[in-house]
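Notes for the one structure printed next.
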Amino acid sequence: MKIYILFGITFACGFFGNFISNANPLPYEAIFNFGDSTSDTGNAAFDHLNVMEKLIPYRSTYFKHPSGRQSNGRLIIDFIAEAYGLPFLPAYKNITKIPDDIKKGVNFAYAGSTALDVKYFSGISGVSAPKESLDVQFDWFKKLKPDLCKSKEECDSFFKKSLFIVGEIGGNDIFYHLSKTIKELREKVPLMVESIKNTTNALIEEGAVELVVPGNFPMGCNTDILSKKISQKKEDYDEFGCLIAYNTLIEYFNEQLKKSIETIKQKHPQAKIVYFDYYNDAKRLYQTPQQYGFISDKVEILKACCGGSGPYHHDEYWCGTPNTTVCSDPSKLINWDGPHFTEAAYKQIAKGLIEGPFAYPSLKPAPFKIA
């Protein structure tokens, strides 16, 4: 008798659990992400495993084991996945089981990657750009597509319920050209934007319906650029200590990107394209850091948590190597290692995207709060 009762309870729980699940499906069945180190969850680490395993600070806050992320914890893409009830996206190069591992999303982002093809960076002294640029990441997606769905109808149905995130990408294109003048960098912006537009169009032609195209961060506040472009002219900095010229460059990049999004919308009116305003989302952290739990000191807030020497605690030594130190509380600083944010900063940026007001238009309502 007890067996029958147990079976009945189990059946009922399973039935109603499925009923509830079907009645309240997740907003997105899967997320597919393209980008660089700000969203790479393991692709570059797969190719450089021996290096990443030794850099202990990079897993200090959340994962407590090598995670393939260039921060002390979770990235924006991790917080987005959590908010929508999805698992952390597996890195494309780490996929071992097909199709189980990929039905809820895949991350194609690769640290160091660029919007432009790698050939644009050949011959630049001291620069070794990886070959995994945005167009290569799109090729990975096309290669994986037959394992995601078998027919056009199946693909259209699946991708209609998925979210595609194209970027952030383009930051490295600027980093690799820091020897250039601002005027020369501006001349490269249309090429970078064209590449992002082409990939976005191509994804829509593959069946994507809802896509995110993020702008870029305020690079004039980036610790890596601040340490490499130190100026003795006070007028080169804004009231928060950020380099005006580089922030103005990113404003120009973002405006051109938004114009390209409008062009894509005209070509594909069936698609919903969301612009993530990374620039203003991140800039507010520097403007009123104490409001978001960071230290209020205007000098200290621009320093890297993990780094070497110099006015910004950042030099040629990579975080986690000899001659570097880690701050006592990473949650109090915005910058992690020079180029990248701390988990605490990524969390605040993600909240600004999911909870508003830095996504235009808004994504579907997230079933879970970012905590």
Side-chain angles (χ1 to χ4, degrees), residues 26-36 38-41 75-81 83-84 86 89 92 102-110 113 115 133-142 144-145 148-149 152 155-171 192-217 253-279 281 349-350 352-354 356-366:
L26 293 173
Y28 303 108
E29 285 191 4
I31 298 176
F32 298 98
N33 183 73
F34 306 78
D36 57 22
T38 57
S39 63
D40 183 358
T41 55
L75 312 177
I76 294 170
I77 188 64
D78 296 317
F79 287 111
I80 291 175
Y84 286 99
L86 294 170
L89 301 188
Y92 170 76
I102 61 177
K103 283 298 185 179
K104 293 189 177 180
V106 176
N107 196 343
F108 302 96
Y110 195 98
S113 66
S133 55
L134 185 57
D135 57 344
V136 171
Q137 295 175 32
F138 175 70
D139 288 341
W140 287 350
F141 168 75
K142 287 183 68 177
L144 193 64
K145 187 179 176 182
L148 293 168
C149 45
K152 184 179 185 307
C155 289
D156 287 346
S157 176
F158 179 42
F159 294 155
K160 187 177 182 180
K161 294 174 283 188
S162 301
L163 180 67
F164 292 78
I165 305 178
V166 190
E168 172 275 330
I169 197 160
M192 294 155 60
V193 169
E194 185 71 14
S195 173
I196 297 168
K197 184 181 78 171
N198 290 343
T199 298
T200 306
N201 274 323
L203 284 168
I204 295 171
E205 288 163 6
E206 292 291 332
V209 174
E210 186 163 351
L211 306 94
V212 171
V213 180
N216 223 304
F217 300 103
F253 171 88
N254 290 340
E255 286 303 315
Q256 297 306 305
L257 187 63
K258 284 188 278 188
K259 288 179 182 178
S260 76
I261 289 173
E262 292 306 312
T263 302
I264 298 169
K265 286 179 179 178
Q266 292 173 9
K267 184 177 181 180
H268 302 285
Q270 81 281 9
K272 176 184 177 181
I273 304 175
V274 178
Y275 174 73
F276 274 180
D277 185 3
Y278 278 0
Y279 182 87
D281 196 354
I349 294 169
L353 302 171
I354 302 301
F358 298 103
Y360 308 97
S362 299
L363 293 174
K364 294 173 183 176

Practice problem: Kindly indicate whether the side chain of L203, heavy atoms from C-beta on, has any atom under 4.5 Å from the side chain of F159. | Solution: no
Quiz item: Hey, does H268 have a side-chain heavy atom less than 4.5 Å from the side chain of T200?
Solution: no
Quiz item: Does some side-chain heavy atom of Y275 sit less than 4.5 Å from a side-chain heavy atom of D277?
Solution: yes
Quiz item: Do F217 and I349 have side-chain heavy atoms sitting under 4.5 Å apart?
Solution: yes
Quiz item: Looking at Q137 and S113, what are the two nearest heavy atoms and their distance?
Solution: NE2-OG, 3.2 Å
Practice problem: For residues V213 and I196, report the shortest heavy-atom separation together with the two atoms involved. | Solution: CG1-CG2, 4.0 Å
Quiz prompt | Point-to-point distance, once rounded to the nearest 0.5 Å, from NZ of K161 to CG of L26 | solution = 11.5 Å
Practice problem: Could you tell me which non-hydrogen atom of K104 sits nearest to which non-hydrogen atom of L89, and how far apart they are? | Solution: O-CD2, 4.0 Å
Exercise. Check for a donor-acceptor pair, side chain of Y84 on one end and backbone N or O of K364 on the other, with a separation under 3.5 Å.
Key: yes
Quiz item: Do F108 and L144 come close enough that some side-chain heavy atom pair is under 4.5 Å?
Solution: yes
Quiz item: Any salt bridge between K197 and E194, counting N to O under 4.0 Å?
Solution: yes
Quiz item: Yes or no on ring pair (Phe, Tyr, Trp, His ring centres under 6.0 Å) for Y92 and Y110, after CA distance, side-chain angles and deciding distance?
Solution: CA-CA 10 Å; Y92 170 76; Y110 195 98; over 10 Å; no
Self-check item: Rounded distance [0.5 Å steps], OG in S157 versus CD in E29
Solution: 7.0 Å
Quiz item: Are E206 and F138 side-chain neighbours, meaning at least one heavy-atom pair lies under 4.5 Å?
Solution: yes
Quiz item: Does a side-chain heavy-atom distance below 4.5 Å link I80 with I354?
Solution: yes
Quiz item: Looking at N107, N33, D78, which one forms a side-chain hydrogen bond (donor to acceptor under 3.5 Å, both in side chains) with T41?
Solution: N107
Quiz item: Residues two or more places apart in sequence or in another chain: which of them pass ring-ring contact (aromatic ring centres under 6.0 Å, His included) with F253?
Solution: none
Quiz item: Stepwise, does the side chain to side chain contact (heavy atoms under 4.5 Å, CB included) test hold for Q270 with K160?
Solution: CA-CA 11 Å; Q270 81 281 9; K160 187 177 182 180; over 6 Å; no
Exercise. Considering non-hydrogen atoms only, spot the tightest contact between S39 and I77 and give its length.
Key: O-CG2, 3.7 Å
Quiz item: When you check the gap from the basic side-chain N to the acidic O, do K152 and D156 get nearer than 4.0 Å?
Solution: yes
Practice problem: State, to 0.1 Å, how close S162 and Y28 come at their nearest heavy-atom pair, and which atoms those are. | Solution: C-CD2, 4.1 Å
Practice problem: Evaluate the side-chain proximity of V212 to L363: yes if any heavy-atom separation is below 4.5 Å, no if none is. | Solution: yes
Practice problem: Check step by step if side chain to side chain contact (heavy atoms under 4.5 Å, CB included) holds for I102 and L148. | Solution: CA-CA 7 Å; I102 61 177; L148 293 168; 3.6 Å; yes
Self-check item: Interatomic spacing from CD1 in I76 to CZ in F276 - rounded to 0.5 Å
Solution: 8.5 Å
Exercise. Mark yes when over 12 heavy atoms from residues, nucleotides or ligands other than K259 sit less than 6.0 Å from its NZ; otherwise mark no.
Key: no
Practice problem: May I ask you to decide if the ring planes of F34 and F141 are parallel, tilted or perpendicular, using 30° and 60° as cut-offs? | Solution: perpendicular
Exercise. Show your reasoning for whether salt bridge (Lys or Arg N to Asp or Glu O under 4.0 Å) applies to E262 and K265.
Key: CA-CA 5 Å; E262 292 306 312; K265 286 179 179 178; 3.5 Å; yes
Quiz item: Is it the case that more than 12 heavy atoms not belonging to K142 sit under 6.0 Å from its NZ atom?
Solution: no
Exercise. Taking all heavy atoms of P365 and all of P27, pick out the closest pair and write down the distance.
Key: O-CG, 3.5 Å
Self-check item: F32 CZ to I165 CD1 distance, which is reported to the nearest 0.5 Å
Solution: 11.5 Å
Practice problem: Could you grab the distance from atom CD1 of I273 to atom CD1 of I264, nearest 0.5 Å is fine? | Solution: 4.5 Å
